[in-house]
Amino acid sequence: MVRTRVAPSPTGDPHVGTGYMALFSYCYAKAHGGEFLLRIEDTDVARSTQQSEEVILASLKWLGLDWDEGPDIGGPKGPYRQSERLPIYQAHVQQLVDAGHAFHCFCTRERLDEMRKQQIASGETARYDGACAGLSQSEVDANLAKGLPSVVRMKVPETGICVIQDRLRGDIEIDYSQIDMQVLQKADGFPTYHLAVVVDDHLMEITHIIRGEEWINSAPKHQLLYEYFGWSMPELIHMPLLRNPDKSKLSKRKNPTSIRYYKDMGFMPEAVVNYLGMLGWSLPSGEEKFPLSDMVANFDISRISMGAPVFDVEKLKWLNGRWLRETLDDDALADRLVEWALNRDKLLEIIPLIKERVEVFSDVAPLAAFLLEGLPEISVESFAKLKTPPETTLKILQFSLWQLEQVTAWQSSDLQARLKHLADIMDVKIRDLLGPLFIALSGRPVAPPLFDSMQVLGPDMTRARIRAAIEVLGGVSKKQTKKLDAEYRGLGHKK
RNA sequence: GUCCCCUUCGUCUAGAGGCCUAGGACUCCAGGUUUUCAUCCUGGCAACAGGGGUUCGACUCCCCUAGGGGACGCCA
């Protein structure tokens with residue numbers, strides 16, 4: 001029985017890259033009559049949120065990638081949320097320590113930072129130097145008794161070559177000297193990804209791991225753990241990474257990466273999933289428009305091309321246009337539009353914002369238009385009337401964006417508090433701070449109250465519009481970003 | 001810096017040694033249909049990174065170089 005999984009970390013927006021890996025995992029399983037499961041990798045306590053998990057699940061469902069087992073529906077191999085499996089990991093870590101495959105490490109972060117700096121400076125691969133690997137049992141016991149904070153690291157052979165087999169790339173050889181003595185259990189008792197993924201994939205009987213190319217370098221660690229435990233290794237399939245138009249790894253700075261953004265923009269899920277399938281894979285017939293069911297029916301892993309594809313929104317738009325025109329009759333399109341935004345619930349969100357400004361019904365459309373738009377058409381001139389000088393305008397937009405990226409609840413009142421705080425620490429009037437945002441978000445000189453509008457627009461659309469505005473104003477270079485970032489951090493400390 | 005992966009039009013891709021005068025799609029340009037726009041139709045621009053091999057024959061196989069990307073966290 002083929003079993004695949006997608007294992008997102010609930011630490012942010014539902015990323016299209018997650019959808020991409022989920023799609024290929026789904027297709028592989030279904031094409032072999034197997035099962036596809038969803039596991040939540042929330043071992044990073046500080047960054048994982050319930051909110052994020054919910055949005056990720058909803059987004060994958062929106063794409064039509066249904067799982068057979070998962071945290072929401074359960075299954076025979078649960079729980080499917082790693083934070084609920086702690087005793088399992090701790091027992092396995094103990095097993096490795098007892099067998100001498102892992103050891104306690106008491107090194108401080110300062111020492112580790114210093115060590116890595118020196119290694120990189122002298123041209124070596126940065127990795128743990130093994131200081132604590134040689135500690136005697138009595139020393140370890142003494143340290144533990146004293147309550148010194150510690151982690152558990154895996155042992156790695158000092159010499160030799162590790163060969164990992166990738167279904168798409170064949171054998172990949174990595175020298176053991178390149179592999180770090182990875183931390184398996186953090187000081188807080190939680191496992192790291194590397195330990196949890198191996199234990200869970202085995203216990204959940206995953207047969208094929210489909211994941212991004214970024215994981216190739218840590219595959220030897222995983223393979224080693226499988227060997228230590230005496231388990232057989234699932235087949236590895238490393239997919240190419242999605243990229244920005246400038247060829248770097250797809251990132252929200254340069255491209256909308258949240259699945260929710262595409263939903264809010266009014267893309268059809270069929271088109272989005274079709275487009276993801278078209279990146280790196282093709283139907284033998286060459287037909288570019290295909291439903292998920294056709295992809296499953298024709299799925300052949302050897303048809304995956306390994307060059308990392310650029311995520312091209314233009315082509316996605318074209319594809320969506322085809323889906324809309326060719327598969328929706330007028331009746332179905334009407335249903336879709338209602339489902340998307342033209343519904344009573346949405347109207348009830350919008351009406352409070354515009355009611356006082358409306359005299360006749362026909363005033364509604366122009367007033368509310370910006371709440372249903374994609375990216376408003378703005379130019380440098382749009383910002384010309386502001387009191388703030390251009391440089392400050394740009395700074396306000398960038399700082400606001402950073403501030404808004406921290407917001408998880410996305411309520412009007414929270415947004416207001418955030419931006420008020422920003423205005424305070426920047427020492428500018430709130431109305432001057434809001435000016436640039438007003439234009440970025442509405443594209444108009446007048447519009448309903450900003451915070452309420454932001455709430456209606458939602459986090460993805462709000463951030464996308466601010467990013468677009470920053471681009472319109474010439475963008476922020478890497479160098480500028482660094483400078484602004486320093487200034488931004490400085491602000492926080494003054495107050 | 002060290003290691004790993006990748007490399008066909010600007011972009012997504014077809015191509016499993018002769019079928020390649022390298023095909024399709026997006027974008028762009030030109031023309032047609034359309035009261036406008038869009039759709040639709042027709043046509044056009046545009047690529048095998050470079051150099052060595054192997055072979056009767058390389059886009060396809062091997063090596064080197066270059067370029068791009070990724071990894072090097074008590075993040076995943």
Side-chain angles (χ1 to χ4, degrees), chain A residues 7-12 15 17-18 21 40-48 82 105-109 112-113 116-128 149-153 161-162 164 166 168-170 172-197 211-221 238-250 275-289 302-319 321-322 324-326:
Chain A
S9 173
T11 53
H15 200 277
T18 305
M21 296 312 156
I40 290 294
E41 310 232 318
D42 55 350
T43 54
D44 185 341
V45 185
R47 295 199 306 149
S48 296
Q82 292 186 327
C105 170
F106 301 89
C107 294
T108 62
R109 283 168 202 268
L112 295 173
D113 286 346
R116 289 191 188 105
K117 236 164 60 189
Q118 283 182 11
Q119 286 168 332
I120 288 179
S122 61
E124 296 168 54
T125 295
R127 56 198 278 270
Y128 184 62
S150 72
V151 301
V152 176
R153 289 180 184 274
I161 290 169
C162 177
I164 62 164
D166 180 275
L168 298 175
R169 298 154 216 269
I172 298 171
E173 297 187 354
I174 298 177
D175 206 297
Y176 277 122
S177 68
Q178 294 297 323
I179 300 162
D180 201 5
M181 296 179 211
Q182 183 57 233
V183 170
L184 299 177
Q185 190 173 77
K186 313 176 204 178
D188 64 3
F190 273 64
T192 58
Y193 167 83
H194 301 282
L195 188 274
V197 77
R211 56 169 23 162
E213 197 182 0
E214 55 194 333
W215 292 108
I216 290 179
N217 284 294
S218 40
K221 294 170 188 170
H238 289 102
M239 295 289 297
L241 255 26
L242 264 23
R243 297 198 276 181
N244 295 309
D246 72 358
K247 311 276 191 178
S248 56
K249 177 170 149 179
L250 193 65
Y275 181 66
L276 289 174
M278 165 196 296
L279 296 178
W281 190 82
S282 60
L283 228 35
S285 68
E287 175 55 57
E288 296 192 289
K289 176 171 168 254
S302 66
R303 289 192 65 82
I304 293 175
S305 50
M306 286 181 290
V310 170
F311 191 96
D312 178 10
V313 180
E314 283 304 312
K315 191 148 186 180
L316 207 206
K317 277 189 194 162
W318 162 81
L319 225 208
R322 278 193 67 186
L324 190 150
R325 283 188 298 275
E326 296 173 14

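Protein chains get the first letters and strands the later ones, always in sequence-line order, with residue 1 at the start of each. Quick caveat: nothing in here was measured; it's all calculated off a predicted structure.
- When heavy atoms are screened at a 4.0 angstrom cut-off, E173(A) is found touching the sugar-phosphate backbone but no base atom.
- Using a 4.0 Å heavy-atom cutoff across all strands shown, R325(A) reaches sugar-phosphate atoms only and no base atom.
- For the OP1/OP2 pair of C75(B) and a distance below 4.0 Å, the side-chain nitrogens and oxygens of K186(A) include at least one atom meeting the criterion.
- Base pairing of C20(B) is not made with any nucleotide, judged by Watson-Crick or G-U wobble geometry with both donor-acceptor distances under 3.5 Å.
- Across all strands, G280(A) comes closer than 4.0 Å only to sugar-phosphate atoms, never to a base (heavy-atom distances).
- To the nearest 0.5 Å, the span separating CG on D166(A) from CD1 on I172(A) amounts to 5.0 Å.
- Comparing A49(B) with C75(B), their C1' atoms are spaced 36 Å from each other, to the whole Å.
- Nucleotides G23(B) and C59(B) place their P atoms 14 Å apart, quoted to the nearest Å.
- Of the P atoms belonging to G32(B) and C19(B), the separation is 39 Å, rounded to the nearest Å.
- The K247(A) side chain lies nearest to U11(B) when the options are C3(B), A76(B), U11(B).
- Backbone-only engagement by Q178(A) is indicated by non-hydrogen atom pairs under 4.0 Å involving sugar-phosphate atoms exclusively.
- Counting to the nearest Å, the P atom of A71(B) and the CG atom of N217(A) are 9 Å from each other.
- No contact: C162(A) has no heavy atom under 4.0 Å from any strand.
- Rounded to whole Å, the distance from CE on M239(A) to P on C12(B) is 14 Å.
- Contact between A126(A) and Q119(A) at its shortest, heavy atoms only, is CA-OE1, 3.4 Å.
- Contact annotation: K315(A) side-chain N/O to G24(B) OP1/OP2 distance is not under 4.0 Å.
- The gap from the P atom of G15(B) to that of G24(B) amounts to 15 Å, rounded to the nearest Å.
- Atom CZ of R127(A) is separated from atom P of C4(B) by 14 Å (rounded to the nearest Å).
- Smallest separation of non-hydrogen atoms from P149(A) and F106(A): O-CD2, 3.8 Å.
- For the residue pair A308(A) and P240(A), the shortest heavy atom distance occurs at CA-CB, 3.8 Å.
- Note on V183(A): only backbone sugar-phosphate atoms sit closer than 4.0 angstrom, heavy atoms only; bases stay farther off.
- Residue E41(A) is in sugar-phosphate contact alone, with no base atom involved, counting any heavy-atom pair closer than 4.0 Å across all strands shown.
- A salt bridge does not link E288(A) to R322(A): none of the charged nitrogens lies less than 4.0 Å from a carboxylate oxygen.
- In this structure, R303(A) reaches the sugar-phosphate backbone alone: every heavy-atom distance under 4.0 Å involves primed, P, OP1 or OP2 atoms, never a base.
- If you take CD of Q119(A) and C1' of C72(B), they are 10 Å apart, rounded to a whole angstrom.
- Taking a pair to require two hydrogen-bonding distances under 3.5 Å in either a Watson-Crick or a G-U wobble arrangement, U35(B) remains unpaired.
- R243(A) forms no cation-pi arrangement with F311(A), by the criterion of a distance under 6.0 Å to the ring centre and an angle within 45° of the ring axis.
- For I172(A), whose side chain is taken as the heavy atoms from C-beta onward, the closest listed nucleotide among C4(B), A76(B), C26(B) is C4(B).
- Of the listed nucleotides (A25(B), C40(B), C12(B)), C12(B) has the atom at the smallest distance from the side chain of P309(A).
- Pair check for U7(B) finds A66(B); Watson-Crick or G-U wobble, both atom distances under 3.5 Å.
- Residue R243(A) places its side chain closer to G69(B) than to any other of A71(B), U27(B), G69(B).
- A distance of 6.0 Å or more separates the ring centres of Y275(A) and W318(A).
- The separation between L250(A) atom CG and G70(B) atom C1' is 14 Å, rounded to whole Å.
- The side chain of A126(A) sits closest to C72(B) out of C5(B), A76(B), C72(B).
- The residue R47(A) sits close to a base: some heavy atom pair falls under 4.0 Å.
- The OH-C1' distance, from Y275(A) to C26(B), rounds to 9 Å in whole Å.
- Side chain of W215(A), nearest nucleotide from G70(B), U11(B), A76(B): A76(B).
- The phosphate of G73(B) (OP1 or OP2) has no side-chain N or O of R109(A) nearer than 4.0 angstrom.
- Comparing H194(A) and L168(A) along RNA chain B, the residue whose closest nucleotide (by nearest heavy atom) sits nearer the 5' end is L168(A).
- With A76(B), U11(B), C74(B) as the candidates, the nucleotide lying closest to the side chain of E214(A) is A76(B).
- Atom CD1 in I174(A) sits about 12 Å away from atom P in C72(B), given to the nearest Å.
- Residue contacts for G286(A): at a heavy-atom cut-off of 4.0 Å it reaches no nucleic acid atom on any strand shown.
- Taking the side chain of V310(A) as heavy atoms from C-beta on, and the options U13(B), C74(B), U11(B), the nearest nucleotide is U11(B).
- Side-chain N/O atoms of S282(A) include none lying less than 4.0 angstrom from OP1 or OP2 on U13(B).
- Within the 4.5 Å cutoff, side-chain heavy atoms of I164(A) are placed close to those of P220(A).
- Of the side-chain N and O atoms in R116(A), one or more sit less than 4.0 angstrom from OP1 or OP2 of C74(B).
- Note that OG1 of T43(A) and NZ of K186(A) are 4.5 Å apart. Values are rounded to the nearest 0.5 Å.
- For K249(A), no side-chain nitrogen or oxygen approaches OP1 or OP2 of G68(B) to under 4.0 Å.
- Ranking A25(B), C5(B), A76(B) by closeness to the W318(A) side chain, first place goes to A25(B).
- Only the P atoms considered, A76(B) is 38 Å distant from C61(B), to the nearest whole Å.
- Comparing C26(B) with U65(B), their C1' atoms are spaced 33 Å from each other, to the whole Å.
- The distance from atom CG of L242(A) to atom C1' of G68(B) is 16 Å, rounded to the nearest whole Å.
- Comparing C5(B) with C62(B), their P atoms sit 13 Å apart, to the nearest whole Å.
- Partner assigned to A71(B) is U2(B), using Watson-Crick or G-U wobble distances below 3.5 angstrom.
- By the 4.0 Å N-to-carboxylate-O rule, E213(A) lies close enough to R169(A) to be salt-bridged with it.
- Between T11(A) and E213(A), it is E213(A) whose nearest contact on RNA chain B lies nearer the 5' terminus.
- Across the P atoms, C29(B) and C37(B) are found 14 Å apart, a figure rounded to whole Å.
- Looking at heavy-atom distances under 4.0 Å, T43(A) makes contact with sugar-phosphate atoms alone, never a base.
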